[in-house]
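A short write-up of the structure that comes next.
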Amino acid sequence: MMASDRAKIAKDQGNAAFKSGDYPAAIGHYTSAILANADDLTFSLNRAAAYLKLGKNEDAERDCTTVLKLSPNNVKALFRRGQARMGLGCLDKARADFIRASELEPSNQSVKQEILEVDKLIQQQKQKHDSANTSRPITIPSGVSPTIKRRRVPIEIVEDLSRTSHHHSAELAVEDVEKQPKGLEDNGLLQPISSRVIPRSNEPSPSSVKPVQSTTPPLPRQTTSARTESFKDAKQLRDTAKPSRIGGGIFRPSGNHTLFARNDGKSGAAPVTTSLPAMVDATVPQAPMTLFNFTKMWESHMKDEDRWNILSGIPSLSLPNMFQASLEPVLLSSILQHFERVIDLQIATPDNVREYLVSLSKVQRFGTIMLFMDKDEKMLLKRLWETCGKL
């Protein structure tokens, strides 16, 4: 097998992995294609797109720079390198790439949208930098020396009376030891010496000193609550101090939950059964509000009626928030094909479909997604706009 054939097979495998959302596998296949045929710049561009999906902006910038060295006027390379540089925080370099791409393709709306976004980020960064450098000046009154004079405060050392008497007693004990006969000192034997301070005859012993009674009355003791006699009393005290509105429940996958509401003065619980609101089709569960649940339900229901029930259960204005920057070209193509079929089968009106088309056009990176769609898919979107009516 020739190198070009191996590169084409690896590219097709990478495109399939990219459309399915397996970006690490797509990077591996594109790398194999580059190793087989390094002259084809499409492989590096595709790998840069996969790097951008994973947030690997440095690798994406490197692949786009490699392509631009061989093809300086490649619009896709300039566009994706600008996106990578935006992710790295190099806003000025990213803007230069977008400006160059706009000069090469003045009608490219995706490039114009990125220019507006990078200009907004540059303006925010400039305002943040200016506010950080702005500080309140410190004014010094005229005639006052800026130097701060240190003031010396005299310190008087006061010794503790108890410590003073203890040291005095220790000194007297040392004097008694020194007054012992010299014949008892150097006899070659160890002499026991008491570490207890022996008071003098004129000093009162510690036991003879009476403690001074304070004239202030003692503080009253704080009375605590009576001791809990049993677990029943403790449970009653806990329920009284911290009442609970919900005592538990049974949660079922169908949505028919049973909640046990705790009564204030009773130990029993009254069951409260809740159920999901009825839908147009009982076989279709409640409409999801997350992209994961939407994708899972969209793939598990193939009928156009079921899919329209799922989609119509989601407010059209919430589509940009649900998809954010994770809308894939494969899913968008499936939704557009579904729109065309529901209009032909009269399941939905063109006005209803038009609301969702407008919301889809406001999804992040919608222009970038359109770059990965083929000619037939772009013509399908054009027909839908003509059928539903443009803004």
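Both backbone and side-chain heavy atoms feed into the values below; hydrogens, waters and symmetry mates do not. None of these values were measured; they are calculated from a predicted model.
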Residues which pass side chain to side chain contact (heavy atoms under 4.5 Å, CB included) with K126, listed by chain and number, not counting sequence neighbours: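 D130.
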Using side-chain heavy atoms (C-beta onward) and a distance below 4.5 Å, is [X] in contact with [Y]?
X    : Y    : value
K378 : M370 : yes
L78  : F98  : no
L104 : N74  : no
R341 : Q337 : yes
N309 : H301 : no
M322 : T290 : no
S32  : Q13  : no

Of all heavy-atom pairs between [X] and [Y], which one has the smallest distance, and what is that distance?
X    : Y    : value
A17  : A26  : CB-N, 3.7 Å
S110 : T368 : OG-N, 3.8 Å
P315 : S318 : O-OG, 2.7 Å
A94  : R85  : CB-CB, 3.8 Å
L91  : V118 : O-CG2, 3.6 Å
K11  : A33  : N-CB, 4.2 Å

Check ion pair [X]-[Y] (N to O, under 4.0 angstrom):
X    : Y    : answer
R365 : E117 : yes
K19  : E328 : no
E114 : R80  : no

Got a second to check how far [X]'s [atom1] is from [Y]'s [atom2], nearest 0.5 Å?
X    : Y    : atom1 : atom2 : answer
L291 : Q324 : CG    : CD    : 8.5 Å
T42  : N37  : OG1   : CG    : 10.0 Å
N108 : E103 : CG    : CD    : 13.5 Å
L345 : W308 : CG    : CH2   : 12.5 Å
L54  : I27  : CG    : CD1   : 4.5 Å
K112 : S102 : NZ    : OG    : 6.5 Å

Under the ring pair (Phe, Tyr, Trp, His ring centres under 6.0 Å) rule, what pairs show up with a residue in residues 33-59, not counting sequence neighbours?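 Not a single pair qualifies under ring pair (Phe, Tyr, Trp, His ring centres under 6.0 Å).
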Please tell me whether [X] and [Y] are part of a single hydrophobic cluster in this structure, the criterion being side-chain heavy atoms less than 4.5 Å apart.
X    : Y    : answer
I347 : M297 : yes
V358 : I369 : yes
L336 : I310 : yes
Y30  : L68  : no
F18  : F366 : no

Would L381 and E340 count as a side-chain contact (heavy atoms from CB on, under 4.5 Å) here? Give the steps. CA-CA 9 Å; L381 179 60; E340 187 178 35; over 6 Å; no
Over 12 foreign heavy atoms within 6.0 Å of CD, E58: no
Around K8, counting heavy atoms of other residues, nucleotides and ligands shown, do more than 12 lie under 6.0 Å from its NZ?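 Atom NZ in K8 is not packed in, count stays at 12 or less.
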Assess whether salt bridge (Lys or Arg N to Asp or Glu O under 4.0 Å) is satisfied between R354 and D351, documenting all intermediate values. CA-CA 5 Å; R354 179 176 175 274; D351 292 337; over 6 Å; no
In terms of the angle between their ring planes, are Y356 and F339 parallel, tilted or perpendicular, with boundaries placed at 30° and 60°?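 Answer is tilted, since the angle falls between 30° and 60°.
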How far apart are the C-alpha atoms of N73 and R100, what are their side-chain angles, what is the distance that settles it, and do they pass the side-chain hydrogen bond (donor to acceptor under 3.5 Å, both in side chains) test? CA-CA 8 Å; N73 296 330; R100 178 58 180 163; 2.6 Å; yes
Start with the C-alpha distance between S334 and R307, add both sets of side-chain angles, then the distance that settles side-chain contact (heavy atoms from CB on, under 4.5 Å), and finish with yes or no. CA-CA 11 Å; S334 176; R307 285 189 168 183; 3.3 Å; yes
Tell me whether [X] contacts the main-chain N or O of [Y] through its side chain, where contact means a donor paired with an acceptor under 3.5 Å.
X    : Y    : result
R81  : D97  : no
S333 : P329 : no
N352 : A348 : no

Distance-only donor-acceptor check, side chains D63 and T66, under 3.5 Å: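 Their side chains do not contain a donor-acceptor pair, so the 3.5 Å distance test is not met.
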Pair Q109-Q113, side-chain contact (heavy atoms from CB on, under 4.5 Å): steps then yes or no: CA-CA 6 Å; Q109 297 297 327; Q113 183 179 357; over 6 Å; no
Stepwise side-chain hydrogen bond (donor to acceptor under 3.5 Å, both in side chains) test for S20 and D22: CA-CA 6 Å; S20 64; D22 191 359; 5.6 Å; no
